[in-house]
Peer 1: 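Sharing a structure with you now.
Here the structure is a predicted model, which means the values were calculated and not measured. Throughout, a chain's letter reflects where its sequence line sits, starting with A, and its residues are numbered from 1.
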Amino acid sequence: MPELPEVEVTRLGISPAVVGQTISAVTVRQPRLRWPVSPIVERLAGRRVKNVTRRAKYLIFDCGDGDLIVHLGMSGSLRVVPADTPVRKHDHVDIRFGKVLLRLHDPRRFGSVLWAPHGETHPLLAHLGIEPLSDELTGTRLRAMAVGHRAAIKQFLMDGRRIVGIGNIYANESLFLARISPFAPAGHISVARCERLALAIRTTLTGAIRAGGSTLRDFVGGDGKPGYFQQTYQVYDRTGAPCRACGSPVRRRVQGQRATFYCGSCQR
DNA sequence: CGAAACTCCTGAGCGC
DNA sequence: TGCGCTCAGGAGTTTC
């Protein structure tokens, strides 16, 4: 499930329970995730987590002499649970802090648990694009990045080498909010429309994070699934349903192996 | 260089 | 109830 808002809500949810705490044990039940779990991770006991930050969809735990880096992939979730919580299928990694532990659950195993020594940037994080919620994302910047690119704007938005954190759901939602066709060649979009798109991305992502804020306590405590949040989408997964703006049916098309949802009359 | 296809993995939902 | 098929929120790698 995790797109940037879910990752950010996870960060906010688990931070109070782990920041300032010392790792007492680590259990790796399944090291074969998207990338092999770094062997160092099993030897992290004794380190104190100084901070938890986020870069793109990576969660970064500052352990002093290095960073523990966690990506949730398509199906991953991180929760803080009592240390005696029974292990379920797909509970691959536990980072224990005394009486509680941070547990990674990931059925599809597209997530990853990595390590980067202090001062070094992990290769996977070395070529990431700009953060969509930073002030780097502006219409002019977007326009400058898109010039010369013939690829469809939706696929361009999902390319993490330009802008990070925009997954399939929010690419669809942002383009709807900006009233821009997902099929428009990225390089042909005017500055004015890029301005609208930059604003739409910011609005969509911050709105989703705010919606997730109400479920923060779901990340600490019980042994259920993280609540994430039930959002009402404008177009995502609404094939055939009436566009919330004009009433014409939402359409679905496959674009670059991913489903694209859009309103053919609102988005041009 | 850019763009598109391919790949990893499990589970849910659907038609029969 | 079971089987086979399709699809799913990511993103690095390969191929053209």
Peer 1: What is the distance, to the nearest angstrom, from the CG atom on A:Asp159 to the P atom on C:dT13?
Peer 2: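 Answer to the nearest Å: 14 Å.
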Peer 1: Where the side chain of A:Ala151 is concerned, which of B:dG2, B:dA4, C:dA11 is the nearest nucleotide?
Peer 2: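 Selected nucleotide: B:dA4.
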Peer 1: Look at all strands and tell whether A:Leu124 reaches a base, only sugar-phosphate, or nothing, counting heavy atoms closer than 4.0 Å.
Peer 2: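 The answer is sugar-phosphate, as A:Leu124 gets under 4.0 Å only of primed atoms, P, OP1 or OP2.
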Peer 1: With a 4.5 Å limit on heavy-atom distance, are the side chains of A:Arg48 and A:Gln21 in contact?
Peer 2: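 No, side chains not in contact.
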Peer 1: Do A:Val28 and A:Val100 sit in one hydrophobic cluster, given that two such residues count as connected whenever their side-chain heavy atoms are within less than 4.5 Å of each other, even indirectly?
Peer 2: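 Yes, A:Val28 and A:Val100 fall within the same hydrophobic cluster.
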Peer 1: Which whole-number value in Å describes the distance from A:Gln155 CD to B:dA5 C1'?
Peer 2: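 Taking CD of A:Gln155 and C1' of B:dA5, I get 11 Å after rounding.
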Peer 1: Can you see whether A:Tyr58 has A:Arg54 sitting over its ring - NZ or CZ less than 6.0 Å from the centre and within 45° of the normal?
Peer 2: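 No, a cation-pi geometry is absent between A:Arg54 and A:Tyr58.
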Peer 1: Along nucleotides 6-11 of chain B, 5' to 3', which nucleotides get a B, which get an S, and which get a -, given that the test is a protein heavy-atom distance under 4.0 Å?
Peer 2: --BBBS
Peer 1: Ion pair present between A:Arg96 and A:Asp94, side-chain N to carboxylate O less than 4.0 angstrom?
Peer 2: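 No, A:Arg96 and A:Asp94 are not salt-bridged.
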Peer 1: Between C:dG10 and A:His71, is there an OP1 or OP2 to side-chain N/O distance shorter than 4.0 Å?
Peer 2: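 So the side-chain polar atoms of A:His71 never come under 4.0 Å of the phosphate oxygens OP1 or OP2 of C:dG10.
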Peer 1: Need the pair for C:dG9. Rule: Watson-Crick or G-U wobble, both distances under 3.5 Å, any strand; none if unpaired.
Peer 2: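 The base-pairing partner of C:dG9, which may sit in any strand shown, does not exist here.
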Peer 1: Measure CG/A:Asp237 against P/C:dG9 and give the value in whole Å, please.
Peer 2: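 Rounded to the whole Å, the gap is 9 Å.
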Peer 1: Take atom C1' in B:dA3 and the same atom in C:dG9, then report the distance between them in whole Å.
Peer 2: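 Roughly 23 Å separates the two C1' atoms.
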Peer 1: Rounding to an integer number of Å, can you tell me how far A:Arg150 CZ sits from B:dC1 P?
Peer 2: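 Atom CZ in A:Arg150 sits about 16 Å away from atom P in B:dC1.
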Peer 1: Could you tell me whether the side chains of A:Asp91 and A:His105 share a donor-acceptor contact shorter than 3.5 Å?
Peer 2: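 Judged by distance alone, the side chains do pair up.
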Peer 1: Hey, does A:Phe156 reach any base, or is it just sugar-phosphate, or nothing, if we go heavy atoms under 4.0 Å?
Peer 2: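 Nothing, no heavy atom under 4.0 Å.
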Peer 1: Base, sugar-phosphate, or nothing: which does A:Arg161 touch, judged by heavy atoms less than 4.0 Å apart?
Peer 2: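 Nothing: the residue A:Arg161, judged by heavy atoms under 4.0 Å, touches no strand.
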Peer 1: Nearest to the A:Trp35 side chain among C:dC7, C:dG12, B:dA4, which nucleotide is it?
Peer 2: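 Of all the options, the side chain of A:Trp35 is nearest to C:dG12.
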Peer 1: Tell which nucleotide pairs with B:dC9, taking only Watson-Crick or G-U wobble pairs whose two distances are both under 3.5 angstrom.
Peer 2: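 Its partner: none found.
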Peer 1: Can you tell if the side chain of A:Leu72 reaches within under 4.5 Å of the side chain of A:Leu104, non-hydrogen atoms only?
Peer 2: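 The answer is yes, as the side chains (C-beta and beyond) meet within the 4.5 Å cut-off.
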Peer 1: Rounded to the nearest Å, what distance is computed from the CZ atom of residue A:Arg253 to the P atom of nucleotide B:dA4?
Peer 2: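 Answer to the nearest Å: 13 Å.
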Peer 1: Figure out the CE/P separation between A:Met158 and C:dA8, and round it to whole Å.
Peer 2: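 For the pair A:Met158 CE and C:dA8 P, the rounded distance is 11 Å.
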Peer 1: Decide if the gap between the ring center of A:Tyr262 and the ring center of A:Phe183 is smaller than 6.0 angstrom.
Peer 2: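 Yes; A:Phe183 has its ring centre under 6.0 Å from that of A:Tyr262.
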Peer 1: Are any of the side-chain nitrogens in A:Lys57 or A:Glu6 under 4.0 Å away from the carboxylate oxygens of its partner?
Peer 2: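 No salt bridge links A:Lys57 with A:Glu6.
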Peer 1: With heavy atoms under 4.0 Å as the rule, sort A:Gly160 into base, sugar-phosphate or nothing.
Peer 2: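 Since no nucleic acid heavy atom lies under 4.0 Å of A:Gly160, the category is nothing.
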Peer 1: Which is true for A:Arg258 with a 4.0 Å heavy-atom rule: it touches a base, it touches only sugar-phosphate, or it touches nothing?
Peer 2: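 Base: the residue A:Arg258, judged by heavy atoms under 4.0 Å, touches a nucleobase.
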Peer 1: Return the nearest nucleotide to the side chain of A:Lys57; candidates are C:dA11, C:dC7, C:dG9.
Peer 2: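 Closest nucleotide to the A:Lys57 side chain: C:dA11.
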Peer 1: Are A:Tyr58 and C:dG12 close enough that a side-chain N or O sits under 4.0 Å from OP1 or OP2?
Peer 2: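 So the side-chain polar atoms of A:Tyr58 do come within 4.0 Å of the phosphate oxygens OP1 or OP2 of C:dG12, strictly under.
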Peer 1: Taking only the side-chain nitrogens and oxygens of A:Tyr236, find out if one of them lies under 4.0 Å from OP1 or OP2 of C:dG9.
Peer 2: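 The answer is yes; a side-chain N or O of A:Tyr236 sits under 4.0 Å from OP1 or OP2.
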Peer 1: Determine the interatomic distance between P on B:dC9 and the same-named atom on C:dC3; round to the nearest Å.
Peer 2: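 Per the computed distance, 23 Å lies between those P atoms.
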Peer 1: CG of A:Asp106 versus P of C:dA8: gap in Å, rounded?
Peer 2: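 The distance from CG of A:Asp106 to P of C:dA8 comes to 18 Å, rounded to the nearest Å.
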Peer 1: Could you give the CG-to-C1' distance, from A:Leu157 to C:dG10, as a whole number of Å?
Peer 2: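 For the pair A:Leu157 CG and C:dG10 C1', the rounded distance is 16 Å.
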